[in-house]
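When a residue number appears, it is its place in the shown sequence, counting from 1. Side chains included, hydrogens not; waters and symmetry mates left out as well; all remaining heavy atoms used.
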Amino acid sequence: MPYEISYAERWALYDLWGGKCVWCNLPLFWSDYEVEHLIPKHLASPENKEKRREALTRHGLPSDYDLYAIENLAPSCGPCNSGKGRRIPTLAPAITELLNKAQKLAPKVRKKAAAFAKKRDTEKALAMITASDDIEQLKAAADFIQGKLKQASESLLARVHPALSGLYDPKRWNSITPLSADVAFVADGKTGGVTGKHISWQCPHCSSYGPWNGNRCLTCGQMDVPDW
């Protein structure tokens, strides 16, 4: 089914392909940038069923490959996109390499586009507050920003928890759950433990304040019993 990519996806596609035309490899101005379908989108029509099957088979792609998906898209300049120019013929083996690159970049394009879209949503909400006198629009924008502020403040409070000050390598622990004003549970994606700001949490072997997983200090691996 035809799909029109979003502004955020369009920007991410341009950025991750290096801002160059996929065909002539010349730098692209944003104003000249067009989205190219590596396997032409006109092959998606029923009357081109056989040509589409031939192209997909040639490049080792399944019969239901979506010609409108990001995996089939790349940035192009206008002349290359609208005419033959330096474009590679659809059935040429080199197209397989470009398709492989597009498939590898697709998850990054979606991730970057999602982050960019969130930023644009925030900017849109701020613009709405400054420009609108409609109560319902203002309320919707305010609710959106309030939610963002709550997420940001909770994350910031976790990162500056006082219990982290005694850890040998606080940056290692990327997941932090406050248990009280002085104690927190921290994890690094592989393991986790508890730490606190009182000196009783200090490991006698490495001097780090844990974190402790049972009676083992996760900084040095030595065994001891913290004063709970």
Side-chain angles (χ1 to χ4, degrees), residues 5-19 69-71 73 97 99-127 129 139-228:
I5 68 170
S6 67
Y7 181 90
E9 289 170 332
R10 182 183 174 87
W11 175 82
L13 193 74
Y14 173 87
D15 184 61
L16 288 169
W17 279 81
I70 291 174
E71 286 79 359
L73 304 181
E97 296 301 317
L99 287 166
N100 288 339
K101 181 177 179 179
Q103 291 173 60
K104 289 179 181 178
L105 286 177
K108 296 180 180 179
V109 169
R110 292 189 175 94
K111 183 177 180 180
K112 195 158 195 170
F116 182 68
K118 286 182 180 179
K119 180 181 179 181
R120 281 177 61 85
D121 285 343
T122 303
E123 292 173 347
K124 182 179 178 180
L126 288 169
I129 285 178
K139 184 177 183 302
D143 288 345
F144 176 84
I145 291 177
Q146 186 177 21
K148 288 288 185 181
L149 287 173
K150 184 175 184 297
Q151 293 175 13
S153 62
E154 287 176 349
S155 175
L156 178 61
L157 285 173
R159 293 304 314 175
V160 299
H161 194 284
L164 302 182
S165 61
L167 294 177
Y168 176 73
D169 184 12
K171 292 183 180 180
R172 169 185 170 185
W173 310 99
N174 49 37
S175 175
I176 303 156
T177 304
L179 301 179
S180 71
D182 301 326
V183 179
F185 177 85
V186 298
D188 63 358
K190 296 180 180 180
T191 186
V194 182
T195 185
K197 71 174 187 177
H198 191 270
I199 194 171
S200 60
W201 289 86
Q202 188 176 44
C203 174
H205 303 283
C206 68
S207 298
S208 177
Y209 284 41
W212 297 93
N213 188 319
N215 63 346
R216 182 182 297 278
C217 173
L218 296 179
T219 295
C220 66
Q222 298 296 317
M223 307 284 284
D224 204 81
V225 181
D227 183 2
W228 293 74

Of all heavy-atom pairs between [X] and [Y], which one has the smallest distance, and what is that distance?
X    : Y    : answer
W17  : K101 : CZ3-CD, 3.6 Å
M223 : H205 : O-NE2, 3.5 Å
K112 : A12  : CB-CB, 4.0 Å
T195 : V186 : CG2-CG1, 4.4 Å

Rounded distance [0.5 Å steps], [atom1] in [X] versus [atom2] in [Y]:
X   : Y    : atom1 : atom2 : answer
I5  : R110 : CD1   : CZ    : 11.0 Å
W11 : L16  : CH2   : CG    : 7.5 Å
L13 : R10  : CG    : CZ    : 9.0 Å
D15 : L105 : CG    : CG    : 10.5 Å

>> Closer than 3.5 angstrom, by distance alone: can the side chain of W201 be matched with the main-chain N or O of G210 as a donor-acceptor pair?
In response: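 Between the backbone of G210 and the side chain of W201 there is no qualifying donor-acceptor contact (under 3.5 Å).
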>> Closer than 3.5 angstrom, by distance alone: can the side chain of Q202 be matched with the main-chain N or O of S207 as a donor-acceptor pair?
In response: yes
> Hey, is OH on Y14 packed in by over 12 heavy atoms from elsewhere, all under 6.0 Å?
Replying inline: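 Atom OH in Y14 is packed in, count exceeds 12.
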> With sequence neighbours excluded, what pairs up with A8 under the side-chain contact (heavy atoms from CB on, under 4.5 Å) test?
Replying inline: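 With neighbours one apart ignored, the set is S6, A113, F116, A117.
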>> So, using side-chain contact (heavy atoms from CB on, under 4.5 Å) as the criterion, who are the partners of T191 when residues are at least two apart?
In response: R172, W173, D188, N213, L218
> Do the side chains of Q103 and L99 get nearer than 4.5 Å, heavy atoms only?
Replying inline: yes
> Under a 4.5 Å cut-off applied to non-hydrogen side-chain atoms, are Y209 and C203 in contact?
Replying inline: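 No - every pair of side-chain heavy atoms lies 4.5 Å or more apart.
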>> Considering only residues two or more places apart or on different chains, which pairs with a residue in residues 189-212 satisfy salt bridge (charged side-chain N to carboxylate O under 4.0 Å, His left out)?
In response: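 Output for this query lists D182-K197.
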